[in-house]
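First the structure, in the form of structure tokens, and then the observations on it.
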There are 2 protein chains.
Amino acid sequence: MDQQSVPQTTINRLPIYLRCLIRAQSMRMPVINSVGIAEMAGTNAPQVRKDLSYLGELGTRGIGYDVDALIAHISRLLGLTRDRRAAIVGFGRLGSALLGYPGFGEHGCAVVAIFDSDPAKIGTLPLGIEIRDVADLESVLRELLVDIAILTTPVEVAQTMAERVAAAGVTAILNFAPVRLEIPPEVAVRQVDLSTELQILSFHLAERRRVE
Amino acid sequence: MDQQSVPQTTINRLPIYLRCLIRAQSMRMPVINSVGIAEMAGTNAPQVRKDLSYLGELGTRGIGYDVDALIAHISRLLGLTRDRRAAIVGFGRLGSALLGYPGFGEHGCAVVAIFDSDPAKIGTLPLGIEIRDVADLESVLRELLVDIAILTTPVEVAQTMAERVAAAGVTAILNFAPVRLEIPPEVAVRQVDLSTELQILSFHLAERRRVE
DNA sequence: TTTTGTGAAAGTTTTCACAGCG
DNA sequence: CGCTGTGAAAACTTTCACAAAA
């Protein structure tokens, strides 16, 4: 099956399936069926089978999916077999919290560079990683072969920083600043937006109230 | 138009439109048209018009949308006219970073309670808010009329905490723990998942490589 | 004239039912 | 017999074209 044709919605669910499969693996389950994955992942069995069918014929009829083989296959498709190198741009509270997040190391993603503009921070070594002057952004990103930029800057400078990391050849950005980045389409952007999420939750609270 | 029938995809975009409108307002634009909103929001004009049409007939043909009126209308629909009271459950690095995030106050959402299980933290007052013992979760949530719970606990306890906040009558959860929460459907959950986002970006990096 | 609001078309995603295979 | 893989149906979302209104 053509890998290009895997729908984005399926891609978005693969990390969730992967997490479930790793849990199954840790429970010593050699095989799991679509119902089992669906229950763990909070979806339904046909959805799981359809999603996995885009990756190829990975299951065995009458049996289910081999847990180890499926983990290997999804990991490869998601590019998790190759170690990813991330940079944190903007080392305030949030950047600092993310650096300490164990999720990076667990998923083959290493923070290899940190940037800030505050002279008091530049040169310090949180968790052994030197904080660099954001003035040197482009050269350091290229030198350290960074593939993912994590933007935790103030909103005012996020667009500029996005343009600069993109110009330095970084093609994946995780943006925590509440602004929609305008950058070339070959750069993948994932937006994490706290106030948007809170507002969506607020809508649900308001709706509950309206129904009652 | 029936408010119940506003599609979830539209709801997800309303906070983005709102942000654009507030920017327009700060630029002293009294009126904006669908093209203007679309450009700021990174979408297209028919999408904006379709989305806004679900909320009622809010525009003026030949003119566009009154910025103040549209802000008021979207804010009301999202329930932002009413002040929201949030609690942070789990005060590690991430919880601490979120407490300092200015996005809360700016959007009428106040952190009114913090919970942790660490005796060294309980009783301290970061930003003037007392850290409570998680043992008192239910009573404090009810007492302080919390409507949104922000879960920043370790992954192992997130499901238990979700059940407890739901049992205490909280019907909106923002979950940062990398686990799919199983709770009654009347509780709205928004998942913010760093490692999932990184894996999706990793897929895009892998795909670029495959294409080249 | 300008720009909204909307029905219809096109595209996408999810669900379903069952053929097909082990 | 059990469970996957999949084509077809249903549901949902986006795009389009244009009538209608200011």
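Residue R49(B) contributes atom CZ, which lies 12 Å from atom C1' of dA19(D) at whole-angstrom precision. Rounded to whole angstrom, the span from the CD1 atom of I63(B) across to the C1' atom of dT1(C) amounts to 11 Å. With rounding to whole Å, I32(B) atom CD1 is found 14 Å from dT4(C) atom C1'. In this structure, the CD atom of Q47(B) is 5 Å from the P atom of dT14(D), given to the nearest Å. Between D66(B) atom CG and dT3(C) atom P the separation is 16 Å, expressed in whole Å. In this structure, E57(A) places its CD atom 9 Å from P of dC21(C), rounding to the nearest Å. What separates CG of L58(B) from C1' of dT6(C) is a distance of 14 Å, to the nearest Å.
With hydrogens and angles ignored, the 3.5 Å screen pairs a side-chain donor or acceptor of N44(A) with a backbone N or O of Q47(A). Of the possible donor and acceptor atoms, one in the side chain of R84(A) sits under 3.5 Å from a partner among the backbone N and O of G79(A). In this structure, the side chain of E39(A) does not engage the main chain of S34(A) through any donor-acceptor pair within 3.5 Å. A donor-acceptor pair is defined here as one N or O able to donate and one able to accept, closer than 3.5 Å; no such pair exists between the side chain of T152(A) and the backbone of A177(A). Remark: side-chain polar atoms of R164(A) are paired, donor with acceptor, to backbone N or O of V134(A) under 3.5 angstrom. Put simply, the side chain of Q25(B) never gets that close to the backbone of D68(B): no donor and acceptor are under 3.5 Å apart.
Using a 4.0 Å cut-off between charged side-chain N and carboxylate O, D193(B) and R19(A) make a salt bridge.
Proximity of Y65(A) to the phosphate of dG5(D): a side-chain N or O atom is located under 4.0 Å from OP1 or OP2. The side chain of N44(B) places no N or O atom within less than 4.0 Å of a non-bridging phosphate oxygen (OP1 or OP2) of dT14(D). Listed pair N33(B) / dT2(C) fails the phosphate criterion, with no side-chain N or O lying under 4.0 Å from OP1 or OP2. A sub-4.0 Å separation between OP1 or OP2 of dA22(D) and a side-chain N or O of T60(B) is absent. The shortest distance between the side-chain N/O atoms of S34(B) and the OP1/OP2 oxygens of dT3(C) is not below 4.0 Å.
In the set dG7(C), dG5(D), dA17(D), the nucleotide with an atom closest to the side chain of K50(B) is dG7(C). Nearest nucleotide to the P7(B) side chain, out of dA17(D), dT13(D), dT14(C): dT13(D).
A donor and an acceptor atom sit less than 3.5 Å apart, one in the side chain of R61(A) and one in the base of dG20(C).
Within residues 9-31 of chain B, the residues that have a heavy atom under 4.0 Å from DNA chain D are, in order of number, T9(B), R13(B).
Comparing P46(B) and D51(A), the nucleotide of DNA chain C nearest to each residue sits closer to the 5' end for P46(B).
No contact: L52(B) has no heavy atom under 4.0 Å from any strand.
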